[in-house]
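Report on the structure given below.
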Amino acid sequence: LGVLAGDMLRSAADLEIPMVAVSLIHRKGYFDQRLDAQGNQIESPAKWSPESRLKSLPARISLSLQGREVQIRAWQYDFSGITGHVVPLFFLDADLPENDSADRGLTDFLFGGDERYRLCQEAILGLGGVAMLRKLGYRDIRLFHMNEGHSALATLALAEEQTPSRPDRPFTEIEVEAVRRSCVFTTHTPVPAGHDRFPAELVYQVLGNGRAGALAQLQLMDGSLNMTELALRFSRFVNGVSMRHGEISRAMFPNCRIEAITNGVHAATWTGAPFATLY
């Protein structure tokens with residue numbers, strides 16, 4: 001997913017598409033690897049510092065998680081296209097001294113921890129991602145693309161923007177439709193076990209009664225919250241990542257219209273110098 005997303009941003013920069021992207025910082029979990037004399041793979045931790053490659057932004061947002069206010073910062077990396085057009089990528093980071101020690105590690109590991117850790121991460125990406133974009137001045141975004149279900153809670157943030165003066169009342173179908181017009185979704189996973197699902201009790205604990213209650217009111221929590229189903233409910237266009245995967249996805253979610261767009265690569269990045277010269 002990371003390689004695919006990066007290639008999409010490189011291509012967007014080359015095509016001068018007005019786009020911005022949001023991800024999590026993932027400070028830890030990287031490793032170097034080598035083979036020993038017997039051919040066994042040996043791994044050793046590898047550290048990297050965001051300060052060495054990314055631009056620190058002064059913007060801060062606050063997100064309520066597990067009954068605590070978690071402060072989030074952002075780092076910026078720019079993709080420059082062949083014409084000089086720039087597509088920025090914003091990395092969300094919870095490692096701030098004002099946060100609780102447990103909260104500071106929420107953006108440390110990709111796919112790390114237990115269900116609670118994962119749900120907190122996905123809340124930071126979805127809810128926090130929309131909040132950070134607004135904080136950075138991006139208020140005229142016409143289309144939100146969710147790359148897999150990890151960012152699906154962005155739809156809840158967009159729905160809340162429809163009712164800023166009355167945040168506690170149920171969303172109307174008109175408001176849901178307004179969000180659907182601005183969202184598209186790409187699903188990548190061909191097996192049910194690969195789609196994130198969180199117990200309803202955990203959702204209430206992490207998101208709070210207001211937000212979890214809104215999801216329940218929308219009939220999105222029948223004992224658990226399926227992040228893919230949340231994204232499907234709020235998206236006007238959905239695609240798999242190949243024709244075959246589109247078929248599989250339609251069988252998994254028969255009530256949804258799911259198209260297919262075959263994955264591509266940014267050829268200039270992955271083509272070796274001799275072949276680039278040949279081309």
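Computed from a predicted model, the values in this text were never measured in an experiment. What you see below is based on every heavy atom in this structure, not just the backbone, and it leaves out hydrogens, waters and symmetry mates.
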Problem set entry | Intermediate values then yes/no, side chain to side chain contact (heavy atoms under 4.5 Å, CB included), L202 and Q205 | CA-CA 5 Å; L202 178 62; Q205 291 172 4; 4.0 Å; yes
For this session: Could you tell me whether the side chain of R60 and the main chain of P58 form a donor-acceptor pair under 3.5 Å?
Result: yes
Exercise. Taking all non-hydrogen atoms of both residues, which atom of F171 and which atom of A214 are closest, and how far apart?
Worked result: CE1-CB, 3.6 Å
Problem set entry | Qualifying residue for side-chain contact (heavy atoms from CB on, under 4.5 Å) with I141, from L133, L158, V130 | L133
Exercise. Considering only heavy atoms from C-beta outward, does the side chain of L207 approach that of L215 to under 4.5 Å?
Worked result: yes
For this session: Rounded to the nearest 0.5 Å, what's the gap from CG on L57 to CD on Q76? Could you check?
Result: 5.0 Å
Exercise. Hey, what do you get for CG (D114) to CG (L119), rounding to the nearest 0.5 Å?
Worked result: 10.0 Å
Exercise. Near L35 CG, under 6.0 Å, is it more than 12 heavy atoms from other residues, nucleotides or ligands?
Worked result: yes
Problem set entry | Lys/Arg N to Asp/Glu carboxylate O, E247 vs R250, below 4.0 Å | no
Exercise. What distance do I72 atom CD1 and S62 atom OG have between them, rounded to the nearest 0.5 Å?
Worked result: 8.5 Å
Seminar exercise, completed: Taken to the nearest 0.5 Å, the spacing of L127 CG from L63 CG works out to 5.5 Å
Exercise. Going by atom types only, do Q219 and R233 share a side-chain donor-acceptor pair under 3.5 Å?
Worked result: no
Exercise. Would E16 and T83 count as having a side-chain donor-acceptor pair, cut-off 3.5 Å?
Worked result: yes
Exercise. Ion pair present between D93 and R27, side-chain N to carboxylate O less than 4.0 angstrom?
Worked result: yes
Problem set entry | For A94 against V70, the heavy-atom pair lying closest together | CB-CG1, 4.4 Å
Exercise. Can you find a heavy atom in the side chain of M8 that is under 4.5 Å from one in the side chain of H145?
Worked result: yes
Problem set entry | Nearest heavy atoms of G149 and F185, plus distance in Å | N-CE1, 3.7 Å
For this session: Using the side chain to side chain contact (heavy atoms under 4.5 Å, CB included) rule, take L153 and M227 through it: C-alpha gap first, then chi angles, then the decisive distance, then the call.
Result: CA-CA 8 Å; L153 285 170; M227 302 300 280; 3.7 Å; yes
Exercise. Between H195 and N226, is there a donor-acceptor pair closer than 3.5 Å when you use the side chain of the first and the backbone of the second?
Worked result: no
Exercise. Above 12 or not: heavy atoms from other molecules or residues under 6.0 Å from CD of E43?
Worked result: yes
Exercise. Hey, which of K28, R104, R73 is the one that makes salt bridge (charged side-chain N to carboxylate O under 4.0 Å, His left out) with D95?
Worked result: R104
Problem set entry | Nearest heavy atoms of T187 and H245, plus distance in Å | O-CE1, 2.9 Å
Exercise. Does any donor atom in the side chain of T186 or N147 lie under 3.5 Å from an acceptor atom in the other side chain?
Worked result: no
Exercise. Judged by atom type as modelled, is there a donor-acceptor pair below 3.5 Å linking the side chain of D7 to the main-chain atoms of V265?
Worked result: no
For this session: Mind listing the closest non-hydrogen atom pair of Y117 and G105 along with its distance?
Result: OH-O, 2.6 Å
Exercise. Taking Q121 for the side chain and F109 for the main chain, is one N or O donor matched with an acceptor at less than 3.5 Å?
Worked result: yes
Seminar exercise, completed: The reported gap from CG in L92 to NE2 in H26 (rounded to nearest 0.5 angstrom) is 10.0 Å
For this session: Report yes if the side chains of D103 and Q66 come closer than 4.5 Å at any heavy-atom pair, otherwise no.
Result: yes
For this session: Using modelled atom types only, decide if a donor and an acceptor are shared between the side chain of D14 and the backbone of I82 within a distance under 3.5 Å.
Result: yes
Exercise. Of the non-hydrogen atoms in R257 and V238, which two are nearest, and what is the gap between them?
Worked result: O-CB, 3.9 Å
Problem set entry | Step-by-step side chain to side chain contact (heavy atoms under 4.5 Å, CB included) determination, S80 to V86 | CA-CA 5 Å; S80 296; V86 172; 3.9 Å; yes
For this session: Look at atom CG of D222 and say whether more than 12 heavy atoms of other residues, nucleotides or ligands are closer to it than 6.0 Å.
Result: no
Exercise. When clusters are formed by joining ILVMFWY residues with side-chain heavy atoms under 4.5 Å apart, either directly or through shared neighbours, do I261 and V3 land in the same one?
Worked result: no
Exercise. Is there a side-chain contact between F234 and L218, using heavy atoms and a 4.5 Å cut-off?
Worked result: yes
Exercise. What is the distance from atom NE2 of H85 to atom CD1 of I17, rounded to the nearest 0.5 Å?
Worked result: 8.0 Å
Exercise. According to the interplanar angle, ranging from 0 to 90°, do the rings of F79 and Y77 count as parallel (below 30°), tilted (30 to 60°) or perpendicular (above 60°)?
Worked result: perpendicular
Exercise. What orientation do Y138 and F90 show, parallel under 30°, tilted 30 to 60°, or perpendicular over 60°?
Worked result: tilted
Exercise. Between E122 and R118, is the closest basic N to carboxylate O distance under 4.0 Å?
Worked result: yes
